[in-house]
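The structure presented is a predicted model; accordingly, all values stated were derived computationally and were not measured. What's counted below: heavy atoms across the whole structure, side chains too, no hydrogens, waters or symmetry copies. Numbers here simply count residues along the sequence, with the first being 1.
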Amino acid sequence: MNLDFTQMTPYIPYMLEGIWVTLKFVAVALVIGALIGTMLALFKISGPAPLRAFAIAYTSIFRGTPLILQLMLIYFAVPQLTGYDITPFLSAITAFGLNSAAYISEIIRAGIQAVDKGQLEAAQALGVPYRAMMKDIILPQAFKNILPALMNEVITLTKESALVSTIGYLDLMRRAQVVGASMYRQFEPLLFVGLIYWVLVMILTLIGRKIERRLKASDIR
């Protein structure tokens, strides 16, 4: 084996900048996914028939097609159809946000349906408005049930973020490819960013476990 990590030393700061670039777009995509996903989940549970059908079709399409295909369609098709030269960042947050919304909607739907029906019936008997009931009673309880699944979605999205390197977005993976091309050595930079991805996933896992412990502790109290 002919490995030489010393040649990579000057490029390390450049690759480390990719952590912020990656986390920035993942965070924005998650916010978009959470907002749209919550709305879709409510459509599926209690929306009128047209909105329920739309939510089901949306989820089917985005869960049934590859994420990289969705990313490519947004990045290449939008300029062709509209004449607007969409940036890699905007393409990334749009594709990942819309895709994540489909999965988050199913997670939230399952969480809401897992809440004891007595809670819903009691709120309705007391005359609590639907919006207030969902915001203050149902969704907080559902959140405790779906936290592990939501953290898994965050971790999956973080790992799949490497796909944006295919459209030239300078995330961790793309920077590793750039450095590898400059060094004429691919293994070392790819191994380095692989370690970074692993550390990020471990940190997210620990954060998720800490939040779960706090929620369980609050239930005991």
Can you list the residues that meet the side-chain contact (heavy atoms from CB on, under 4.5 Å) rule with I61, with sequence neighbours excluded? none

Decide yes or no for D171 and R174: does some side-chain heavy atom of the first lie under 4.5 Å from some side-chain heavy atom of the second? yes

Do Y58 and I36 come close enough that some side-chain heavy atom pair is under 4.5 Å? yes

Would a single hydrophobic cluster contain both L81 and L71, if residues Ile, Leu, Val, Met, Phe, Trp and Tyr are joined by side-chain heavy-atom contacts under 4.5 Å? no

Supply the atom-to-atom distance Q186 CD to L191 CG, rounded to the nearest 0.5 angstrom. 12.5 Å

I'd like to know if I32 and L73 are part of one continuous hydrophobic network [Ile/Leu/Val/Met/Phe/Trp/Tyr, side-chain heavy atoms within less than 4.5 Å]. no

Nearest heavy-atom contact between I86 and S91 is CG2-OG, 3.4 Å

Using the ring of F89 (Phe, Tyr or Trp, six-membered ring only), decide whether K24 places NZ or CZ under 6.0 Å from its centre and within 45 degrees of its axis. yes

Y14 side-chain N/O to A176 backbone N/O, donor-acceptor pair under 3.5 Å: no

Before accepting this row, confirm whether a basic side-chain N of the pair R209/E212 lies closer than 4.0 Å to the acidic partner's carboxylate O. no

Just how far is it from atom CZ of F192 to atom CZ of F5, taken to the nearest 0.5 Å? 10.0 Å

Could you check whether any side-chain heavy atom of P189 comes within less than 4.5 Å of a side-chain heavy atom of Y11, counting everything from C-beta outward? no

Checking L172 against L200 for the side-chain contact (heavy atoms from CB on, under 4.5 Å) test, could you report, in this order, the C-alpha distance in whole Å, the side-chain angles of both residues, the deciding distance, and whether it holds? CA-CA 12 Å; L172 277 167; L200 290 176; 4.2 Å; yes

Decide whether Y103 and F43 are clustered together by the hydrophobic rule: side chain heavy atoms of Ile, Leu, Val, Met, Phe, Trp, Tyr closer than 4.5 Å, transitively. no

Looking at I56, is its backbone amide N or carbonyl O close enough to the side chain of S60 to form a donor-acceptor pair, meaning the two atoms are under 3.5 Å apart? no

Counting distance only, does the side-chain N/O of S165 pair as donor-acceptor with the main-chain N or O of A162 below 3.5 Å? yes

Taking the side chain as everything from C-beta on, heavy atoms only, tell me whether V26 gets closer than 4.5 Å to F96. no

Using the side-chain contact (heavy atoms from CB on, under 4.5 Å) rule, take M15 and M8 through it: C-alpha gap first, then chi angles, then the decisive distance, then the call. CA-CA 10 Å; M15 285 192 286; M8 198 178 65; 3.6 Å; yes

Exercise: identify the closest heavy-atom pair between L157 and A29: CD2-CB, 4.3 Å

Looking only at non-hydrogen atoms, find the nearest pair between A41 and S105 and report the distance. CB-O, 3.4 Å

What pairs of residues pass the side chain to side chain donor-acceptor pair (under 3.5 Å) test when at least one of them lies in residues 74-86, not counting sequence neighbours? none

Please lay out, stage by stage, how I19 and L16 fare under the test side-chain contact (heavy atoms from CB on, under 4.5 Å). CA-CA 6 Å; I19 298 175; L16 291 178; 4.0 Å; yes

So, taking the atom named CD1 in I104 and the one named CG in L30, what distance separates them when rounded to the nearest 0.5 Å? 6.0 Å

Do V28 and V31 share a hydrophobic cluster, counting only Ile, Leu, Val, Met, Phe, Trp and Tyr and linking them when any side-chain heavy atoms are less than 4.5 Å apart? no

Is there a chain of hydrophobic side chains (I, L, V, M, F, W, Y, each step under 4.5 Å between heavy atoms) that links M151 to L35? no

Would you compute the distance between atom CZ of R109 and atom OG1 of T38 and round it to the nearest 0.5 angstrom? 13.5 Å

Could you walk me through whether T59 and E106 satisfy the side-chain contact (heavy atoms from CB on, under 4.5 Å) test, starting with their C-alpha distance in whole Å, then the side-chain angles of each, then the deciding distance to 0.1 Å, before giving a yes or no? CA-CA 8 Å; T59 303; E106 283 296 287; 3.9 Å; yes

What distance separates L204 CG from T158 OG1, expressed to the nearest 0.5 Å? 5.0 Å

Find the distance between CZ (F25) and OG (S161) and round it off to the nearest 0.5 Å. 5.0 Å

Ignoring hydrogens, what is the shortest heavy-atom contact between A92 and V164? Give both atom names and the distance. CB-CG1, 3.6 Å

Could you check whether any side-chain heavy atom of L40 comes within less than 4.5 Å of a side-chain heavy atom of F54, counting everything from C-beta outward? yes

Inter- and intrachain pairs under side chain to side chain donor-acceptor pair (under 3.5 Å), touching residues 92-101, at least two apart: Q70-N99, S100-E153

Side-chain heavy atoms of R175 within contact of V21, under 4.5 Å: yes

Does F143 reach the side chain of L150, with side-chain heavy atoms less than 4.5 Å apart? yes

